[in-house]
**Student:** 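Below you will find the structure I want to go over with you.
Lettering follows sequence order; numbering is per chain, from 1.
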Amino acid sequence: MRGGLMRLPANESESDLVKARYDNLEKLRERGIRPYEGDVQATHTADEVSEKVDSIDEEVSTAGRILAVRSHGKITFMDLMDRSGEIQLYFAHDDLQDDYEVVDLLDIGDLIWVAGKPFRTRTEEPTVRVADFDIVGKCLHPLPEKWHGLTDEDLRYRQRYVDLVVNEDAFDTHVTRSKIVSEMRKFLEERDFLEVETPVMSTLAGGATARPFITYHNALDMRLYLRIATELYLKRLIVGGFERVFEIGKVFRNEGISTQHNPEYTLLELYQAYSDYEGMMGLTEDMVAHLAETITGSTEVEYDGEMIDLSPPWRRLRVVDALAGEGVDVSAWQDDEDARAEAERLGVEVESGVSRGKVMEKLLDRLVLPDLVQPTFLMDYPVDISPLAKRKDNEPEFTYRFEPVVGCMEIGNAFSELNDPHEQRRRFEQQLEQRARGDDEAHVMDEDFIKALEYGMPPTGGLGIGVDRLVMLLTDSQSIREVILFPLLRPLEEGG
RNA sequence: GAGCCACUAGCUCAGUUGGCAGAGCACCGGACUUUUAAUCCGGGUGUCCGGGGUUCGAAUCCCUGGUGGCUCACCA
């Protein structure tokens with residue numbers, strides 16, 4: 001396209017700032033410079049130049065984005081940023097002669113390639129004395145202010161690319177996220193777990209109690225659901241003999257948005273045959289401690305102003321004991337109604353008709369969770385809210401199930417997997433009864449899963465970890481949106 | 001879904017009791033050959049989130065709509 005053509009920005013004032021950049025773009029083209037082309041073979045990153053400034057005697061080349069310009073007439077300093085960090089550039093008329101005029105046509109935000117010898121300035125700042133340079137990408141919008149960055153959260157999420165350019169913390173958080181997931185894979189692969197991929201779309205959304213998103217397949221004329229968990233497919237693979245599997249993937253839950261919830265989020269689920277929830281507790285604390293140590297250098301992390309010690313073993317707290325600590329005696333409840341009455345007495349709202357298990361879960365959320373800063377395994381959840389977990393031998397009202405809680409956040413869910421097909425059918429049938437009573441989050445019947453269990457599934461321990469929340473913990477982020485590159489937002493209305 | 005709060009220049013923010021729309025950075029013009037939040041001189045670039053109302057006069061008060069944040073509810 002010709003330089004004169006441009007999409008005008010929404011308001012006049014920005015238009016002036018953008019116009020100046022289009023003017024510079026046109027002037028570059030008039031000089032025969034192609035502002036989106038260039039041979040960008042870089043020999044060094046910015047940090048490598050800084051590190052080796054005293055040992056390199058030959059010319060280096062590097063590429064990145066201009067973050068700051070300090071012009072002094074016949075010389076100009078710039079700060080160049082790449083993925084590794086920043087390096088100062090020194091442009092001098094004496095070195096560049098006529099090409100020095102082009103330096104004036106560079107704007108903050110432009111992407112350039114430079115070549116020259118590294119040196120230190122009077123103030124010892126590592127610097128590249130530019131002998132040759134090329135613009136390889138023009139920035140047509142002004143960047144946010146250099147030391148406050150971009151703080152408007154809405155804008156930061158809508159234009160994450162700008163956020164990442166100007167807010168180093170945001171950049172680092174997402175680099176750390178990537179490292180966490182990578183380390184997680186290594187940790188599990190070293191323990192002989194196999195990574196697999198299971199369907200995102202299917203005709204049933206099972207494995208968790210949550211409302212699914214619904215979509216549609218035209219050719220098959222069929223309603224499909226986006227998965228809410230990977231559990232039931234992964235356990236089929238345990239039946240199939242994989243014995244140790246994991247999947248790190250997005251799941252989708254049609255629920256509200258909060259600082260701890262995004263409708264699509266990343267879940268690690270793993271299953272280990274011939275293990276159980278004890279084994280899963282060990283694996284959880286080992287893995288989280290290992291990740292903290294590897295990523296942050298310590299098993300002690302600061303989260304929301306509190307020091308959290310992630311080194312094993314973690315505290316174990318039975319659900320009934322946790323509630324007893326709040327003055328709630330679960331054994332005194334004769335029926336669901338007693339449970340609901342107790343909730344009302346404690347000022348905790350519960351929906352009418354919910355089971356005692358749901359009441360216990362609610363009381364835990366409201367009374368216990370807010371105090372659980374240090375890592376804790378909340379253990380032995382009631383059976384009526386745990387349709388896929390094995391009952392405890394000596395307490396059939398409870399299951400071998402736990403949730404790891406850190407920094408007052410539930411970061412996962414795990415249990416000894418129910419592997420008795422007849423018991424599983426009864427559990428699903430109970431869930432259907434709850435569904436019939438209006439609970440549209442109750443689990444659905446999955447005949448094929450039961451058939452899989454009928455072929456024999458070994459005793460198995462299963463664990464799910466909310467990867468986003470784990471990343472929050474290890475990056476001291478108080479909102480899940482900080483650790484998701486593009487969190488779900490309402491679309492902006494066209495034309496306001 | 002409910003309550004509270006916020007929205008002013010490209011960005012970060014002031015704006016008093018209702019009385020001419022402001023600052024820093026960015027940007028434009030000028031000076032400047034080792035600066036680094038460069039400095040110095042000059043320039044304010046605006047749908048005060050949108051719409052309506054009260055008023056001689058509204059960024060400011062009222063109503064309404066939008067978006068976001070926080071708290072709650074639901075969930076991991």
**Student:** For B:A59, what is the paired nucleotide under Watson-Crick or G-U wobble rules, both distances under 3.5 Å?
**Tutor:**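 Base partner found: none.
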
**Student:** Looking only at side-chain atoms of A:I108, point me to the closest of B:A26, B:U35, B:U33.
**Tutor:**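 Nearest listed nucleotide: B:A26.
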
**Student:** Is there a Watson-Crick or G-U wobble partner for B:U54 with both distances under 3.5 Å, and if so, which one is it?
**Tutor:**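 The answer is none; no pair meets the criterion.
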
**Student:** Working to the nearest 0.5 angstrom, can you tell me the gap between A:F402 CZ and A:M280 CE?
**Tutor:**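 Between atom CZ of A:F402 and atom CE of A:M280 there are 7.5 Å.
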
**Student:** Give the nucleotide from the list B:A26, B:U35, B:G24 with an atom nearest to the side chain of A:E145.
**Tutor:**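 Nearest to the side chain of A:E145 among the choices is B:G24.
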
**Student:** Side chain of A:R490: nearest nucleotide among B:C28, B:U67, B:U35?
**Tutor:**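 Shortest atom-to-atom distance from the side chain points to B:U67.
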
**Student:** Need one value for A:T76: base, sugar-phosphate or nothing, where a base atom within 4.0 Å counts as base even if backbone is also close, heavy atoms only.
**Tutor:**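 The residue A:T76 makes no contact with any strand.
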
**Student:** Among the candidates B:A26, B:U71, B:U35, find the nucleotide nearest to the side-chain atoms of A:T259.
**Tutor:**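 Ranking B:A26, B:U71, B:U35 by closest atom to the A:T259 side chain puts B:U71 first.
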
**Student:** Side chain of A:R481, heavy atoms from C-beta onward: which of B:A76, B:A38, B:G68 has the nearest atom to it?
**Tutor:**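 So the nucleotide nearest the side chain must be B:G68.
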
**Student:** So if I take every side-chain heavy atom of A:D16 and compare against B:U45, B:U33, B:G68, which nucleotide ends up nearest?
**Tutor:**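 Nearest to the side chain of A:D16 among the choices is B:U45.
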
**Student:** Between A:M78 (CE) and B:U34 (C1'), how many Å, whole number?
**Tutor:**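 Taking CE of A:M78 and C1' of B:U34, I get 15 Å after rounding.
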
**Student:** A:H148 has an atom NE2; how far is it from atom P of B:A9, in whole Å?
**Tutor:**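 That distance rounds to 15 Å.
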
**Student:** Using atom CG of A:D152 as one end and atom C1' of B:A6 as the other, report the distance to the nearest whole Å.
**Tutor:**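 The answer, rounded to whole Å, is 10 Å.
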
**Student:** Tell me which nucleotide among B:A73, B:U34, B:A76 gets nearest to the side chain of A:I480.
**Tutor:**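 Selected nucleotide (nearest to the side chain): B:A76.
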
**Student:** Can you tell me the base-pairing partner of B:A26? Count Watson-Crick or G-U wobble geometry only, both distances below 3.5 Å, and say none if there is no partner.
**Tutor:**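 B:U45 is the nucleotide pairing with B:A26.
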
**Student:** Flag this pair as yes if the NZ/CZ of A:R401 is under 6.0 angstrom from the six-membered ring centre of A:Y381 and inside a 45 degree cone about the axis; otherwise no.
**Tutor:**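 Yes, A:R401 lies over the aromatic ring of A:Y381.
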
**Student:** Return the stacking result for B:A76 and A:Y265: yes when the ring centres lie under 5.5 Å apart and the planes under 30°, no otherwise.
**Tutor:**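 Yes, aromatic ring over the base.
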
**Student:** Would you mind telling me which residue lines up with the more 5' stretch of RNA chain B, A:R70 or A:P144, judged by nearest nucleotide?
**Tutor:**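 Result of the comparison: A:P144.
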
**Student:** Looking at the rings of A:Y277 and A:F377, which for Trp means the six-membered one, are their centres under 6.0 Å apart?
**Tutor:**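 No, ring centres 6.0 Å or more apart.
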
**Student:** Considering residues, nucleotides and ligands other than A:E195, do more than 12 of their heavy atoms fall under 6.0 Å from its CD?
**Tutor:**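 Yes - once you tally the heavy atoms of other residues, nucleotides and ligands closer than 6.0 Å, there are more than 12.
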
**Student:** Counting only Watson-Crick pairs (N1-N3 plus N6-O4 or O6-N4) and G-U wobbles (N1-O2, O6-N3), all under 3.5 Å, who is the partner of B:U71?
**Tutor:**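 Looking at the geometry, B:U71 pairs with B:A2.
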
**Student:** Report the base-pairing partner of B:C7 (Watson-Crick or G-U wobble, both distances below 3.5 angstrom), or none.
**Tutor:**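 In the structure as shown, B:C7 has B:G66 as its Watson-Crick or wobble partner.
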
**Student:** Heavy atoms from C-beta onward define the side chain here; which of B:U67, B:A38, B:C11 lies closest to that of A:D154?
**Tutor:**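 Of the candidates, B:U67 comes closest.
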
**Student:** Tell which nucleotide pairs with B:A14, taking only Watson-Crick or G-U wobble pairs whose two distances are both under 3.5 angstrom.
**Tutor:**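 None - no nucleotide pairs with B:A14, as no candidate has both distances under 3.5 Å.
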
**Student:** Under 4.0 Å between any heavy atoms, over every strand shown, what does A:Q88 touch: base, sugar-phosphate, or nothing? Just pick one.
**Tutor:**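 A:Q88: base contact, heavy atoms under 4.0 Å.
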
**Student:** Counting any heavy atom closer than 4.0 Å, what does A:Q260 reach on the DNA or RNA strands: base, sugar-phosphate only, or nothing?
**Tutor:**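 The residue A:Q260 makes base contact.
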
**Student:** A:E285 side chain to A:W314 main-chain N or O, any donor-acceptor pair under 3.5 Å?
**Tutor:**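 Yes, the answer is positive, given that a donor and an acceptor are paired below the 3.5 Å cut-off.
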
**Student:** Can A:E26 and A:K138 be counted as an ion pair, charged N to O under 4.0 angstrom?
**Tutor:**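 Not counted as a salt bridge, because no side-chain N and carboxylate O are separated by less than 4.0 Å.
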
**Student:** For B:C20, give the paired nucleotide (Watson-Crick: N1-N3 plus N6-O4 or O6-N4; G-U: N1-O2 and O6-N3; both under 3.5 Å), or none.
**Tutor:**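 For B:C20, the partner nucleotide comes out as none, under the 3.5 Å rule.
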
**Student:** Which nucleotide sits closest to the side chain of A:S71: B:C32, B:G69, B:U35?
**Tutor:**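 Taking heavy atoms from C-beta onward, the closest nucleotide is B:C32.
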
**Student:** Other residues, nucleotides and ligands only: do more than 12 of their heavy atoms fall within 6.0 Å of CD on A:E349?
**Tutor:**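 At most 12 heavy atoms, drawn from other residues, nucleotides or ligands, come within 6.0 Å of this atom.
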
**Student:** Classify A:E125 by what it touches in the nucleic acid, base, sugar-phosphate, or nothing, heavy-atom distance under 4.0 Å.
**Tutor:**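 Base contact.
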
**Student:** I want to verify a distance call: between B:U35, B:G68, B:C11, whose nearest atom is closest to the A:F77 side chain?
**Tutor:**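 For the A:F77 side chain, the nearest candidate turns out to be B:U35.
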
**Student:** Any strand counts, and the cut-off is 3.5 Å on both contacts for Watson-Crick or G-U wobble. Which nucleotide pairs with B:U39?
**Tutor:**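 Looking at the geometry, B:U39 pairs with B:A31.
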
**Student:** Name the nucleic acid region contacted by A:R158, choosing base, sugar-phosphate or nothing; use a 4.0 angstrom heavy-atom cut-off, strictly under.
**Tutor:**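 The residue A:R158 makes sugar-phosphate contact but no base contact.
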
**Student:** Rounded to the nearest angstrom, tell me the gap between atom CG in A:D365 and atom P in B:A76.
**Tutor:**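 Distance check: A:D365 CG to B:A76 P gives 9 Å.
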
**Student:** A:G149 or A:R21: which one's nearest nucleotide on RNA chain B is closer to the 5' end?
**Tutor:**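 In this pair, the answer is A:G149.
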
